[in-house]
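All of these numbers come straight from a predicted model, not from anything done at the bench.
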Amino acid sequence: DVYKRQIYNAAVEVDTLLSDARPHDADLMARFANAVPRPGTVLDHPLVTDPMHLDMGAALIRLGKEYIKEARLAQAEAAFLDALKQIPDSAANHTQLARVYERQARSGSPGKTELAIDHYEKAIALDPDKPGLRINLAQILIRNRKFDEAEGHLMHALTHAPEHADVHYNLGLIHSSRSDVENENASYEKALAIKPDHPQALFRLGRIYETRRDVVEAEKYYRRAVDSAPRNVIVLTALARTLAAQKNVSAAEDLLRKAISYQPRFAEARFQLGQIYLGAGRLAEARQQFLDTLQIDRNHRGAISALQQLQLTPGAGQ
């Protein structure tokens, strides 16, 4: 029991300390009775017990949040689960558990995505009109390609928060999954009308224009995205790609080097840098970047193809 605390007013034996430190299964009322310095009886009545459970649950939730700040997710999970025993109908606690499981899922822990979805659904059942809960759940569902279900939550959120940029942005992702570029574009524009520096919406609009081979317009959105998220390596690499397409090679190289300095194992930045070196005739440097790309992503098709071409090129530094 990581929440157990004991205060002694005199010296105690080691065996006493060890015994008191052992986990125990006593419920809240029993622990309260044991903690009282004088003998007596605890009133077993909701007027007494309900506030005690609420206070204990709230304290555990606060503890769990502190663990999250320290990235101690297992301890945070334990605190929130214990809080759930005290206040099972707390939307806030279910939300915190969902966030913990979502972070664990992103780090590769199996089964955590399902737990995150389950607790978001329980939080929504208790607080159905809170847009943030539905947006968070929709984002998980979108990542797991459950687009119709995600859309239902976003449309519900839209009725309560029509000016929430993330609702429109995530609807844009759903339109993208259906190759509905017109509505995708419109959704991102709505997000930007509400939040002009929304980095993801800016990036996605840049992608749309880049796909259309309108690199000038793509560059505008990518530049705004970089202004909003200057250390985002995906955005930096995208902007570098459009600059290279417009023969602004020096600026593109600077951006790619910056991206690599932020995240050395970002394969796409190294591949794009290799492409710039290749175009400039710096074959040995290009070859090294392609090899570095494959060290990170051994199935990177662009790097594989580029190295195959270099094998046929004299003076490539093999």
Trainee: Identify whether Ile61 and Val100 are in the same connected component of the hydrophobic contact network (ILVMFWY, side-chain heavy atoms under 4.5 Å).
Mentor: yes
Trainee: With salt bridge (charged side-chain N to carboxylate O under 4.0 Å, His left out) as the test, pick out the partner of Glu151 among Lys146, Arg178, Arg134.
Mentor: Arg178
Trainee: Do side-chain atoms of Gln289 reach the backbone of Glu285 as a donor and acceptor pair under 3.5 angstrom?
Mentor: no
Trainee: Which heavy atom of Gly57 sits nearest a heavy atom of Ala83, and at what distance?
Mentor: O-CB, 3.7 Å
Trainee: Could you tell me which non-hydrogen atom of Ile194 sits nearest to which non-hydrogen atom of Pro162, and how far apart they are?
Mentor: CD1-O, 3.9 Å
Trainee: Flag yes if more than 12 heavy atoms outside Gln246 fall under 6.0 Å of its CD atom; otherwise flag no.
Mentor: yes
Trainee: Could you grab the distance from atom CZ of Arg103 to atom CD1 of Ile68, nearest 0.5 Å is fine?
Mentor: 6.5 Å
Trainee: Measure across Ala138 and Ala150 and return the closest heavy-atom pair with its distance rounded to 0.1 Å.
Mentor: O-CB, 3.7 Å
Trainee: Would you mind listing every ring-ring contact (aromatic ring centres under 6.0 Å, His included) that reaches into residues 222-267, with sequence neighbours excluded?
Mentor: Phe203-Tyr222
Trainee: So Asp166 and His198, side-chain hydrogen bond (donor to acceptor under 3.5 Å, both in side chains) or not? Walk me through it.
Mentor: CA-CA 9 Å; Asp166 283 340; His198 195 294; 2.8 Å; yes
Trainee: Taking C-beta and beyond as the side chain, do Gln200 and Tyr188 meet within less than 4.5 Å on heavy atoms?
Mentor: no
Trainee: Write down the atom of Leu310, the atom of Ala286, and the distance for their closest heavy-atom approach.
Mentor: CD1-C, 4.5 Å
Trainee: Quick one, Arg207 with Glu210, criterion salt bridge (Lys or Arg N to Asp or Glu O under 4.0 Å). Give me CA distance, side-chain angles, the key distance, then yes/no.
Mentor: CA-CA 5 Å; Arg207 283 279 299 274; Glu210 188 179 5; 5.3 Å; no
Trainee: May I ask you to decide if Pro264's main-chain N or O and Arg270's side chain share a donor-acceptor pair within less than 3.5 Å?
Mentor: yes
Trainee: Would you mind reporting whether Thr237 and Gln263 have side-chain heavy atoms less than 4.5 Å apart?
Mentor: no
Trainee: How about Leu158 and His168: do any of their side-chain heavy atoms sit closer than 4.5 Å?
Mentor: yes
Trainee: So Glu219 and Leu239, do their side chains get closer than 4.5 Å, heavy atoms only?
Mentor: yes
Trainee: Could you go step by step and tell me if Asp227 and Arg224 meet the salt bridge (Lys or Arg N to Asp or Glu O under 4.0 Å) rule?
Mentor: CA-CA 5 Å; Asp227 290 340; Arg224 289 173 60 189; over 6 Å; no
Trainee: Going from CZ on Arg99 to CZ on Phe80, what distance comes out if it is rounded to the nearest 0.5 angstrom?
Mentor: 9.0 Å
Trainee: So Leu84 and His119, side chain to side chain contact (heavy atoms under 4.5 Å, CB included) or not? Walk me through it.
Mentor: CA-CA 11 Å; Leu84 204 58; His119 282 283; 4.3 Å; yes
Trainee: Show the nearest heavy-atom pair for residues Pro128 and His156, with the distance to one decimal.
Mentor: O-CE1, 3.2 Å
Trainee: Within this structure, what is the CG-CD distance for the pair Leu307 and Gln309, rounded to the nearest 0.5 Å?
Mentor: 10.5 Å
Trainee: Test salt bridge (Lys or Arg N to Asp or Glu O under 4.0 Å) on Glu102 and Arg143; report intermediate values, then the result.
Mentor: CA-CA 11 Å; Glu102 188 175 4; Arg143 287 197 296 271; 2.8 Å; yes
Trainee: Salt-bridged, Glu253 to Arg282, with N to O below 4.0 Å?
Mentor: yes
Trainee: Go through the steps for Leu73 and Ser107 under the test side chain to side chain contact (heavy atoms under 4.5 Å, CB included), then give the verdict.
Mentor: CA-CA 11 Å; Leu73 298 184; Ser107 66; 5.8 Å; no
Trainee: Mark yes when over 12 heavy atoms from residues, nucleotides or ligands other than Glu70 sit less than 6.0 Å from its CD; otherwise mark no.
Mentor: yes
Trainee: Hydrophobic clusters here meaning ILVMFWY residues chained together by side-chain heavy-atom distances under 4.5 Å, can you tell me if Met155 and Leu141 are in one?
Mentor: no
Trainee: Flag yes if Ile234 and Ile260 sit in one hydrophobic cluster, no otherwise; membership is Ile, Leu, Val, Met, Phe, Trp, Tyr, and two members link when side-chain heavy atoms are under 4.5 Å apart.
Mentor: no
Trainee: Is there a side-chain contact between Tyr101 and Thr113 (heavy atoms, below 4.5 Å)?
Mentor: no
Trainee: Quick check against the 3.5 Å criterion: does Ser305 have a side-chain atom that pairs as donor or acceptor with the backbone of Gly302?
Mentor: no
Trainee: Anything under 30° is parallel, anything over 60° is perpendicular, the rest tilted; go ahead and classify Tyr221 against Tyr209.
Mentor: parallel
Trainee: Less than 4.5 Å apart, any side-chain heavy atom of Val181 and any of Thr211?
Mentor: no
Trainee: Any side-chain heavy atom of Asp118 within less than 4.5 Å of one from Glu114?
Mentor: no
Trainee: Answer yes or no: is there an ion pair linking Lys69 with Glu66, defined by an N-O contact shorter than 4.0 Å?
Mentor: yes
Trainee: May I ask whether Leu256 and Phe271 are part of the same hydrophobic cluster, defined by side-chain heavy atoms of I, L, V, M, F, W, Y residues being less than 4.5 angstrom apart, directly or through others?
Mentor: no
Trainee: Rounded to the nearest 0.5 Å, how far apart are CG of Asp180 and CD1 of Ile174?
Mentor: 11.5 Å
Trainee: Answer yes or no: is there a donor N or O on one side and an acceptor on the other, between the side chain of Ser176 and the main chain of Gly172, under 3.5 Å?
Mentor: no
Trainee: Determine, using the 4.5 Å side-chain heavy-atom cutoff (strictly less than), whether Leu171 and Leu192 are members of one ILVMFWY cluster.
Mentor: yes
Trainee: Please report the C-alpha distance between Gln288 and Asp292 in whole Å, then the side-chain angles of each, then the deciding distance to 0.1 Å, and finally whether the side-chain hydrogen bond (donor to acceptor under 3.5 Å, both in side chains) criterion is met.
Mentor: CA-CA 6 Å; Gln288 186 58 56; Asp292 289 344; 2.9 Å; yes
Trainee: Using 0.5 Å steps for rounding, measure from the CG atom of Asp129 to the OG1 atom of Thr159.
Mentor: 7.0 Å
Trainee: Kindly indicate, with the supporting measurements, whether the criterion side-chain hydrogen bond (donor to acceptor under 3.5 Å, both in side chains) is fulfilled by Glu268 and Gln272.
Mentor: CA-CA 6 Å; Glu268 191 59 26; Gln272 293 295 336; 2.8 Å; yes
Trainee: Show, in sequence, the C-alpha distance, side-chain angles and deciding distance for Phe147 and Ile142, and conclude whether the side chain to side chain contact (heavy atoms under 4.5 Å, CB included) test is met.
Mentor: CA-CA 5 Å; Phe147 299 112; Ile142 288 169; 4.0 Å; yes
Trainee: Please test Thr95 against Asp127 for side chain to side chain contact (heavy atoms under 4.5 Å, CB included), starting from the C-alpha separation and ending with a verdict.
Mentor: CA-CA 10 Å; Thr95 301; Asp127 194 356; over 6 Å; no
Trainee: Counting only heavy atoms not in Lys112, do more than 12 fall under 6.0 Å of its NZ?
Mentor: yes
Trainee: With a 4.5 Å heavy-atom cut-off, do Ser179 and Glu184 have their side chains touching?
Mentor: no
Trainee: Taking all non-hydrogen atoms of both residues, which atom of Leu202 and which atom of Ser228 are closest, and how far apart?
Mentor: CD1-OG, 3.9 Å
Trainee: Measuring from Ile87:CD1 to His94:NE2, what's the distance to the nearest 0.5 Å?
Mentor: 9.5 Å
